[in-house]
Enquirer: 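Before I ask anything, here is the structure I am working with.
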Amino acid sequence: KDIATANWPKCGEIDIMEHISNTKETVGTMHWDNNGHVSSGKATPCDVAQYHVYGIEWDAKSIRWMLDGNKYFEGNIANNVNSTDEFHQPFFIILNLAVGGAWPGNPDATTQFPDTMFVDYVRVYELPGASTSK
């Protein structure tokens, strides 16, 4: 939520789902600052042409990534380990169909346009008694 003052990556970033080009996998990633940009994540097989339930469970100790209810990656943020204090601050949600950038690179003649991202719903749950800071 403090991207305007902290700047990226010091504001932190949690990618619940990333998909690159025509790959057959989805990636869950966290980005933060520890004397420079750091990221940690993992890919898991996925047919992104089908509907899926992408999710994270995020608490004071860790961030866990799930695809269709199955955990495939977990990032440790307990006690701000490895300078992960960004993940103990308020966040906002962005839905983004990105084109270009450092990953996977700029579009070329093989890039298929137009493209579409379909989202059925977005839900946010909070555990009873949990902080409302995220």
Enquirer: Nearest heavy-atom pair of Gly75 and Met30: which atoms, and what distance?
Expert: CA-SD, 3.9 Å
Enquirer: When clusters are formed by joining ILVMFWY residues with side-chain heavy atoms under 4.5 Å apart, either directly or through shared neighbours, do Ile63 and Met66 land in the same one?
Expert: no
Enquirer: So is Arg123 actually on top of Tyr121's ring, under 6.0 Å and inside 45° of the axis?
Expert: yes
Enquirer: For the NE2 atom of His88 and the CG atom of Asn79, what is their distance to the nearest 0.5 Å?
Expert: 7.5 Å
Enquirer: Going by the ring pair (Phe, Tyr, Trp, His ring centres under 6.0 Å) test, which pairs reach into residues 60-85, not counting sequence neighbours?
Expert: Trp65-Phe73
Enquirer: Please check if atom OH in Tyr51 has more than 12 non-hydrogen atoms from other residues, nucleotides or ligands closer than 6.0 Å.
Expert: yes
Enquirer: So, does Asp15 use its side chain to make a donor-acceptor pair with the main chain of Gly28 at under 3.5 Å?
Expert: no
Enquirer: Do Asp2 and Lys10 sit within salt-bridge range, that is, some charged N less than 4.0 Å from a carboxylate O?
Expert: no
Enquirer: Do the non-hydrogen side-chain atoms of Asp59 and Arg64 ever get within less than 4.5 Å of each other?
Expert: yes
Enquirer: Quick one: do Asn82 and Val38 satisfy side chain to side chain contact (heavy atoms under 4.5 Å, CB included)? Show the steps, please.
Expert: CA-CA 10 Å; Asn82 297 321; Val38 180; over 6 Å; no
Enquirer: Please check this pair: side chain of Thr26 against backbone of Glu18, looking for a donor-acceptor N/O pair closer than 3.5 Å.
Expert: yes
Enquirer: What ring pair (Phe, Tyr, Trp, His ring centres under 6.0 Å) pairs are there with at least one residue in residues 1-21, not counting sequence neighbours?
Expert: Trp8-His31, Trp8-His37
Enquirer: At their closest point, which heavy atom of Asp115 faces which heavy atom of Leu97, and how far apart are they?
Expert: O-CD2, 3.9 Å
Enquirer: Donor-acceptor pair, distance only, cut-off 3.5 Å: does the side chain of Asn80 make one with the backbone of Ser83?
Expert: no
Enquirer: Clusters formed by hydrophobic residues whose side-chain heavy atoms approach within less than 4.5 Å: which one holds Val81, and what are its other members?
Expert: none
Enquirer: Can you give me the closest heavy-atom contact between Trp58 and Phe87, atom names plus distance?
Expert: NE1-O, 3.1 Å
Enquirer: Step through the shown structure and confirm whether more than 12 heavy atoms of other residues, nucleotides or ligands are within 6.0 Å of CG on Asp47.
Expert: yes
Enquirer: Should Val124 and Ile93 count as side-chain neighbours, where that means a heavy-atom distance under 4.5 Å?
Expert: yes
Enquirer: Atom CE of Met17 and atom OG1 of Thr44: how far apart are they, to the nearest 0.5 Å?
Expert: 12.0 Å
Enquirer: Any chain of hydrophobic side-chain contacts (each under 4.5 Å) joining Val99 to Met117?
Expert: no
Enquirer: Considering all heavy atoms of both residues, which atom of Tyr54 and which atom of Cys46 are nearest to each other, and what is their separation?
Expert: OH-SG, 3.7 Å
Enquirer: If we ignore hydrogens and angles and just use 3.5 Å, is the side chain of Asn76 paired with the main-chain N or O of Ala78 as donor and acceptor?
Expert: yes
Enquirer: Quick check: closest heavy atoms across Pro45 and Leu67, and the distance to 0.1 Å?
Expert: O-CD2, 3.6 Å
Enquirer: Calculate, to the nearest 0.5 Å, the distance between atoms CD1 and CD belonging to Ile3 and Glu86 respectively.
Expert: 12.0 Å
Enquirer: Please report the closest heavy-atom contact between Ser62 and Glu74, naming both atoms and the distance.
Expert: OG-OE2, 3.2 Å
